[in-house]
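In what follows, a single structure is set out as C-alpha cells and then discussed.
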Amino acid sequence: MRIVRVVCPRDCYDTCFLISVVEDTGKIRSIKGDHGNPVTQGFVCPRGVKDCERVYNNRVLYPYIRVGSKEEGKLKRVKWSEALDLVADKLRKVLRVYGPRAVLHLEYAGNMGLLTWYFPQRLWNAIGATKTDYSICSKSGHDAISLHYGLSYGIKPEELLEMKLIVYWGFNAAVSSPHMWALSIKARKKGSVIAVVDPRESESAKGADIWLNPKPGSDVALAFGVARYIIEHGYVDLDFIEKWTYGYELFKEEVVKWTPSRVEEVTGVKWSLVEELGEAYGELKPSATMIGIGFQKSVHGAESVRAVALIPALLGLHRGFYYSNSRGYQVDIAYLTGESLSNKKPMTISQVSLSNHVKRGDFKFIYIYNMNPALTLPNQKAFREGLLRSDVFVVVHETHWTETTGYADVVLPAPTYLEKDDVVIPYSHHYIRISRRAINPLGESKNEIWVMKELAKRLDLKEKWVYEDPWKAIENALKNALENGSFKELLMGKVLKLKYRPISDYQTPTGKIEFYSKRAEELGLNPIPRQYPLKLCGEEFILLNSSTPKYTHTQFREIYGSIPPITLINPEDAKVLNIRSGETVELYNELGRVRVRVIVSSSVPRRVLWSPRQMIGLNGEPQNSLVPCITQKIGGGPIFNSTTVKISKVV
Ligand SMILES: Nc1nc2c(c(=O)[nH]1)N[C@H]1C(S)=C(S)[C@@H](COP(=O)(O)OP(=O)(O)OC[C@H]3O[C@@H](n4cnc5c(=O)[nH]c(N)nc54)[C@H](O)[C@@H]3O)O[C@H]1N2
Ligand SMILES: Nc1nc2c(c(=O)[nH]1)N[C@H]1C(S)=C(S)[C@@H](COP(=O)(O)OP(=O)(O)OC[C@H]3O[C@@H](n4cnc5c(=O)[nH]c(N)nc54)[C@H](O)[C@@H]3O)O[C@H]1N2
Ligand code: SF4
Ligand SMILES: [Mo]
C-alpha cells in the first residue's frame with residue numbers, strides 16, 4: 001500500500017489537500033483528507049471521497065471517431081495516430097479556408113490544474129484561435145467589486161476563525177464550500193454569529209443565527225437598508241472613511257433615500273430584521289461579508305455584489321469581504337497560456353451567449369476540454385443544434401463520457417487528476433502543494449499537454465514556447481508568486497504559500513475604496529450601485545438553482561445517479577395551482593419545456609421555485625434549455641437565477 005499526496009483540482013472554493021491510498025495492485029483504495037492544509041483541515045466532501053470510484057467509472061479510455069451521421073452518434077475506436085491525424089487535418093483545412101477565427105477552443109475549470117487548464121492553451125494561442133471570455137461563473141462579480149476596490153481579493157479563509165460576525169450573502173457555503181463553512185462553525189463555537197441572506201431557506205440558512213430572506217434580485221435595496229442603519233446609528237468609522245475612501249457623501253445621499261418602508265416594500269424583509277443585521281454589523285467586529293458566486297448570476301447580480309461589498313468599508317474594514325481571491329495572487333497565467341507570448345490577437349467571445357454563435361455556424365472547428373458545455377451553457381437547444389451542424393467539426397478531450405462527448409466527431413481520452421502531476425491554484429486559501437500522480441493513466445488516456453504537442457507538431461508550428469518544458473513554464477509563472485519557499489521545494493512536495501497582495505492596496509483611479517466609482521462613471525455605468533425594479537409578470541415564477549452536496553456541476557452522476565429532476569414550490573403557490581408533492585409538472589418558457597417532480601416546501605418563498613442546478617428533466621430536456629443567453633451589463637455574466645418559467649401540470 002502506498003500513500004500519494006494529491007490536491008483536488010475541481011472548480012470549488014476549497015481546493016482540498018487529499019491523500020490517495022493506493023493498493024499494491026495499483027488500484028486506488030480510498031481518498032482521505034490531509035491535515036497538511038489549515039483551511040481544508042483533513043476532511044473530505046461527498047464528492048472528493050468518491051473519486052476513488054469515479055476514476056474507474058464511465059471513463060473514456062481510448063480515442064474514438066464518429067462513423068455515420070452526427071444524429072446517429074456512433075463512434076468507432078481508433079489508434080491515437082489516426083485520431084490525431086484526422087483532427088490535425090480538419091484543423092489545417094479550417095485554418096486555410098476560414099482562418100483562425102473559425103477555430104474555437106472551449107474550456108473551463110473542470111480541472112483547475114496549471115498543466116491541465118492553462119498550459120495546453122499555448123497551441124490555440126499560437127494559432128490565434130477564438131477563445132471565450134470565461135464569463136460563465138464568477139466574472140461579473142469580479143468586475144463589480146473591481147469598480148470600487150480595484151482588484152476583487154478579500155479576506156483569507158483562516159481569518160474566519162477570528163471573526164465575530166460572518167455573513168453569508170447569497171452564498172450557500174454549507175454545500176458549496178464545506179471547509180469555509182466548517183471554519184465558520186468553529187468560529188461560532190468561540191462566540192461568532194453567523195448570518196445568512198438568501199431568499200430560500202438554504203442549508204446555510206438553516207444553520208445560521210440570523211436569516212434574512214429578500215426577494216431574489218432585491219439585494220441592493222437590502223444592503224442599502226443595512227447601510228442606512230449603520231450610518232444612522234453612528235457605526236460608521238469616519239476616520240477610515242476620510243483616509244481610505246472616496247465618494248462617501250454621495251453614497252450616503254443615495255442610501256438615506258432607502259427608508260424602512262421602502263426597503264420592506266422592495267425586499268419583502270421586515271425592517272426589524274434589517275435592524276438586527278445592521279446592529280450585528282455595528283457591534284460585532286471584525287466581521288466577514290462572504291459574497292456568493294451564485295448570488296451574482298442574475299440580471300443585475302453585479303449591482304447587488306457592488307452594494308454588499310461596500311458595507312465593510314463603512315465599518316472601517318480593509319476588504320472586509322470574501323468573493324474569490326484569485327486576483328490576489330500573482331501567478332502569471334498569461335505566460336502559462338501563451339497569451340503574452342503570442343503575437344496573434346485572438347478574438348474573444350462571450351461564453352454566456354456562446355450558444356447563439358455556435359448555432360449560427362460562426363465556428364467550423366470546436367475543441368472542447370475540461371467542460372461539459374452540452375449541459376452547463378445557457379440555451380441548450382441552440383448550443384446542441386450548433387454542434388450538430390454539418391459544417392462544424394467537434395473534438396472533445398474528456399476523462400468521462402458526457403453529454404458533450406455525444407456531440408463529438410472525435411473523442412479523446414484524458415487522465416483524471418489522480419493520473420497526472422499538476423499544481424492547482426486555489427481561489428480561496430493561499431496554500432499550494434504539488435499534486436502527484438497516484439496511478440498510471442488508465443486505458444490509453446493521454447494528458448492535455450501531450451495532445452497539444454502532438455497537434456502542434458502535425459501543424460508544424462514553429463513557436464518554441466509551445467514546446468517549452470511545462471515544469472519550466474510553471475517555474476516561470478510562479479516567479480513572483482511565492483511568499484515562502486522555492487519552486488524546488490514545491491517539486492519536493494512542500495506546502496508553500498502564495499504571496500498575497502496587500503490588503504489595503506486599492507487599484508482604483510483614486511487609490512482608495514470608491515463608494516462612488518470613477519471607473520464606472522467613465523464606462524457609462526452607475527457610479528453608485530442601483531436597485532433595478534423587479535419584474536415578474538402574470539403567472540411567472542423565478543427558478544433559482546444552485547449547487548447540491550453530491551455533485552460538482554455535472555460530475556459524480558457516475559456515483560450518485562442523475563441529478564434529481566425536481567422543483568420546490570411554496571405551499572401557497574401549490575395550493576393555487578392545485579399541485580401536490582410527487583406530481584409531475586412542466587416548467588416552460590419561450591425557450592424550452594422541462595418536466596420535473598414537485599416537492600411542496602416552505603423553504604422557498606412565493607413565486608420562487610428551486611431546483612438543483614444542471615438537472616435533466618424527466619422528458620430528457622436539460623434545465624439550461626430554459627436559460628436565455630442574456631449577458632449582464634457588468635462583466636457579461638450569466639443570469640441563471642433570473643430564469644423565469646410558467647408551470648403546467650402534467651396529467
Ligand atoms: N457541492 C458543490 N459545491 C460547489 C460547486 C458544485 O457544483 N457543487 N460548484 C462550485 C462553483 S463553480 C461555484 S460557482 C460555487 C457556487 O457556490 P455559491 O456561491 O454558494 O452559489 P450557489 O450554490 O448557487 O448558492 C447561491 C445561493 O444564493 C441564493 N440566491 C439566489 N439568488 C439570490 C438573490 O437574488 N439574493 C440572495 N441574497 N441570494 C440569492 C440561492 O438561493 C443559493 O442558496 O460553488 C462551488 N462549489
Ligand atoms: N443551470 C445552471 N447552469 C450553470 C450554473 C448554474 O448555477 N445554473 N453555473 C455555471 C457555473 S458557475 C459553472 S462554473 C459552470 C460549470 O460548467 P462545467 O465546467 O461544464 O461543469 P462540469 O460538469 O464540472 O464539467 C467539467 C468537465 O470536465 C471534465 N474533467 C474533469 N477533470 C478533467 C481533466 O483533468 N481533463 C479533462 N480533459 N477533463 C476533465 C469532467 O469530467 C467534466 O465533464 O456551469 C455553469 N452552468
Ligand atoms: S470538491 Fe471541493 S470540498 Fe470536495 S474535495 Fe474537492 S476541493 Fe474539497
Ligand atoms: Mo462556477
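All residue numbers refer to positions in the sequence shown, counting from 1. Remember, it's 1-based here, ligands and their atoms both numbered in the order they're listed.
For the residue pair Gln614 / Tyr551, no side-chain donor-acceptor distance below 3.5 Å is found, with atom types taken as modelled. Looking at Ser428 and Asn325, their side chains never bring a donor and an acceptor atom within 3.5 Å of each other. For the residue pair Glu558/Asn57, the side-chain donor-acceptor check at 3.5 Å is not satisfied. Looking only at atom types and distance, the side chain of Thr404 has a donor-acceptor partner in the side chain of Asn372 under 3.5 Å away.
Using a 4.0 Å cut-off between charged nitrogen and carboxylate oxygen, Lys206 and Glu203 do not count as a salt-bridge pair.
Within the listing of ligand 1, atoms 19 (O) sit less than 4.0 angstrom from a heavy atom of Gly292. Annotation for ligand 1: atoms under 4.0 Å from non-hydrogen atoms of Arg47 are 1 (N), 2 (C), 3 (N), 8 (N). Below 4.0 Å from some heavy atom of Pro216 lie the following atoms of ligand 1, by number and element: 35 (O). The distance from ligand 1 to the heavy atoms of Phe171 drops below 4.0 Å at these ligand atoms: 20 (O).
Inclusion of Tyr13 in the set of residues having an N or O under 3.5 Å from an N or O of ligand 1 is warranted. Backbone and side-chain nitrogen or oxygen atoms of Trp610 are examined, and none is located within less than 3.5 angstrom of a nitrogen or oxygen of ligand 1. Remark: ligand 1 and Asn172 share an N or O pair separated by less than 3.5 Å (distance only, no angle test).
Annotation: ligand 2 has protein neighbours Asp11, Arg54, Tyr108, Gly110, Asn111, Thr116, Ile136, Cys137, Lys297, Asn370, Met371, Asn372, Thr376, His397, Glu398, Thr399, Thr402, Ala414, Pro415, Lys420, Glu448, Asn545, Thr552, His553, Thr554, Gln555, Arg613, Gln614, Gln623, Asn624, Phe640, each with a heavy atom less than 4.0 angstrom from the ligand.
Every residue two or more places apart in sequence or in another chain that forms a ring-ring contact (aromatic ring centres under 6.0 Å, His included) with Tyr427 is listed here: Tyr13. Under the side-chain contact (heavy atoms from CB on, under 4.5 Å) criterion, Val608 pairs with Pro216, Leu544, Pro605, not counting sequence neighbours. With sequence neighbours left out, Tyr367 forms a ring-ring contact (aromatic ring centres under 6.0 Å, His included) with Trp124.
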**Request:** I would like to know whether Tyr369 and Trp117 meet ring-ring contact (aromatic ring centres under 6.0 Å, His included); could you show each step before the answer?
**Result:** CA-CA 9 Å; Tyr369 72 99; Trp117 188 7; 9.1 Å; no

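With a 4.0 Å heavy-atom cut-off, ligand 1 is reached by no atom of Lys550.
Using a non-hydrogen distance threshold of 4.0 Å, Gly217 registers as a contact of ligand 1. Ligand 1 is approached by Thr548 to a heavy-atom distance shorter than 4.0 Å.
For Lys381, the NZ atom counts as loosely surrounded, since its 6.0 Å shell holds 12 or fewer non-hydrogen atoms of other residues, nucleotides or ligands.
At least one test fails for Arg613 against the ring of Phe640: distance under 6.0 Å to the centre or angle within 45° of the axis.
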